[in-house]
Amino acid sequence: MEKKRKFVCVDTNDIPEIAVVDPDMMSSMPKGLTAATGMDALTHAIEGYITKGACAISDMFHLEAIRLISENLRGAVNNTPEGREGMALGQYIAGMGFSNVGLGVVHSMAHGLSALYDTPHGVACAIILPTGLEYNAPVAGGRYRAIGKAMGVEGIDAMSDDEAATATIAAVKKLSADVGIPTNLKDILKEEDIQFLSESAYADACRPGNPRETSVEEIAALYRSLM
């Protein structure tokens, strides 16, 4: 609290032996919480798919999670049983993937917003994700076609790599908008906090996994682009 930092703690003693995932127990979640946690799960899957540590096995988990979340998040927000069940499975599979290979700069930037402004983590991730994808496209854009295909982007096989990347980012923005996530940080972020947030994001445990090498200055530019 004193340092205004949010960080990941991992220890063998806090890893459960059994996880019970019951979509019926999620049926009382408010729409906003469902949307935020669902977009966080999508960010887990997408960042996990493009992270430096990605491998064939994690790719398998992440692409299936992207498909399930893209197909079911809207339904879950509207509290359909099918949507809840699909999201329960999708978020769990995403966790099986990213917990083995790490994440990237989107999560690093989101952690700071939650620590400083108490912004819901999933909302922060959802707002930053398209910008993070645009930023990482020069080095990871070749992987975006598979993400878009998992999201159901029509005609993506016939597109160039650049077109496929653009269409994929548009699909992420559309899903986020459909579930009621804001499009920018203008009502959250303050200019005087950007340097601190950028330094916090660069020091965050998720940042080294980002596919593109970054810096405090470049992270600051990303924050400013979202204002």
Side-chain angles (χ1 to χ4, degrees), residues 6-19 21 36-73 86-114 121-122 124-151 161 164-165 168-169 171-172 175-176 200-215 218-219 222:
K6 177 179 178 178
F7 54 91
V8 179
C9 297
V10 179
D11 187 88
T12 53
N13 293 302
D14 67 20
I15 299 173
E17 295 184 9
I18 296 173
V21 183
T37 53
M39 288 302 297
D40 182 27
L42 181 67
T43 308
H44 289 159
I46 291 178
E47 278 210 292
Y49 184 68
I50 66 172
T51 192
K52 286 179 182 176
C55 65
I57 295 174
S58 65
D59 287 354
M60 175 181 67
F61 287 127
H62 290 136
L63 290 175
E64 179 63 5
I66 292 166
R67 183 188 71 80
L68 284 165
I69 294 166
S70 299
E71 290 179 358
N72 290 287
L73 180 54
M87 275 305 304
L89 182 59
Q91 64 81 24
Y92 188 78
I93 293 173
M96 292 175 70
F98 90 84
S99 60
N100 283 283
V101 297
L103 294 165
V105 74
V106 174
H107 265 77
S108 298
M109 293 174 65
H111 287 158
L113 295 175
S114 298
H121 175 67
C125 283
I127 294 172
I128 298 169
L129 180 58
T131 296
L133 286 171
E134 290 167 355
Y135 176 72
N136 284 314
V139 297
R143 306 214 94 200
Y144 291 9
R145 185 187 304 275
I147 296 171
K149 195 167 184 177
M151 294 188 74
D161 285 348
T168 296
I169 295 168
V172 171
L175 178 56
S176 187
S200 296
Y202 188 80
D204 188 82
C206 294
R207 190 270 309 165
N210 197 66
R212 179 176 173 178
E213 292 297 328
T214 189
S215 65
E218 289 186 359
I219 292 172
L222 292 177

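Quick note: residue numbers are just sequence positions, from 1.
Take R207 and apply the side-chain hydrogen bond (donor to acceptor under 3.5 Å, both in side chains) test, not counting sequence neighbours, and it matches no residue. With sequence neighbours excluded, the residues forming a side-chain hydrogen bond (donor to acceptor under 3.5 Å, both in side chains) with D11 are N13, listed by chain and number. In terms of the side chain to side chain contact (heavy atoms under 4.5 Å, CB included) criterion, residue partners of S114 (sequence neighbours excluded) are, by chain and number, K6, H121. Not counting sequence neighbours, T12 has no partner by the side chain to side chain contact (heavy atoms under 4.5 Å, CB included) test. Among residues two or more places apart in sequence or in another chain, the side-chain hydrogen bond (donor to acceptor under 3.5 Å, both in side chains) test is passed with H44 by D40, H107. The side-chain hydrogen bond (donor to acceptor under 3.5 Å, both in side chains) search around S108 returns D204, not counting sequence neighbours. Contacts of D59 classified as side chain to side chain contact (heavy atoms under 4.5 Å, CB included), with partners at least two apart in sequence or in another chain: Y49, A54, R143. For A165, the side chain to side chain contact (heavy atoms under 4.5 Å, CB included) test picks out Y144, with sequence neighbours left out.
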Run the side-chain donor-acceptor check on residues 86-95: report pairs under 3.5 Å with partners two or more places apart or on a different chain.
{"unit_1": "Q91", "atom_1": "NE2", "unit_2": "A88", "atom_2": "O", "d": "3.0"}

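To the nearest 0.5 angstrom, I169 atom CD1 is 9.5 Å from N136 atom CG. Taken to the nearest 0.5 Å, the CZ atom of F61 stands 8.5 Å off from the OG atom of S99. The distance from atom CD1 of I46 to atom CG of L133, rounded to the nearest 0.5 Å, is 5.5 Å. Atoms CG and CG, on L175 and L129 in that order, are 10.0 Å from each other to the nearest 0.5 Å. Expressed to the nearest 0.5 Å, how far OH of Y135 lies from OG1 of T131 amounts to 12.0 Å.
S176 places no side-chain N or O within 3.5 Å of a backbone atom of V172 that could act as its donor or acceptor partner. Between the side chain of N100 and the backbone N or O of M96 there is at least one donor-acceptor pair closer than 3.5 Å. Side chain of S70 to backbone of R67: no donor-acceptor contact under 3.5 angstrom is found. Panel note: side chain T51, backbone G209; a donor-acceptor pair is recorded below 3.5 Å.
Nearest heavy atom pair, residue A201 against residue I219, reads CB-CG2, 3.9 Å. The two residues P138 and R212 come nearest to each other via the heavy atoms CG-NH1, 3.9 Å. Heavy-atom minimum distance, I66 versus A150: CG2-CB, 3.7 Å.
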Derivation of the side-chain contact (heavy atoms from CB on, under 4.5 Å) call for I50 and I147: CA-CA 10 Å; I50 66 172; I147 296 171; 4.0 Å; yes
Under the criterion side-chain contact (heavy atoms from CB on, under 4.5 Å), I'd like the reasoning laid out for H111 against S200: C-alpha separation, chi angles, the key distance, then a yes or no. CA-CA 9 Å; H111 287 158; S200 296; over 6 Å; no
Evaluate the side-chain contact (heavy atoms from CB on, under 4.5 Å) criterion for residues L113 and I128: first the C-alpha distance (whole Å), next the side-chain angles of each, then the deciding distance (0.1 Å), finally the verdict. CA-CA 11 Å; L113 295 175; I128 298 169; 3.8 Å; yes
side-chain contact (heavy atoms from CB on, under 4.5 Å) between R145 and D161, worked out: CA-CA 7 Å; R145 185 187 304 275; D161 285 348; 2.7 Å; yes
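Counting only residues at least two apart or on different chains, the salt bridge (Lys or Arg N to Asp or Glu O under 4.0 Å) pairs with a member in residues 127-141 are E134-K173. Within the structure, salt bridge (Lys or Arg N to Asp or Glu O under 4.0 Å) contacts touching residues 42-57 (residues at least two apart or in different chains) are K52-E213.
Counting only heavy atoms from C-beta outward, the side chains of V101 and H62 approach each other to under 4.5 Å. Considering only heavy atoms from C-beta on, V105 stays 4.5 Å or farther from Y202 through its side chain.
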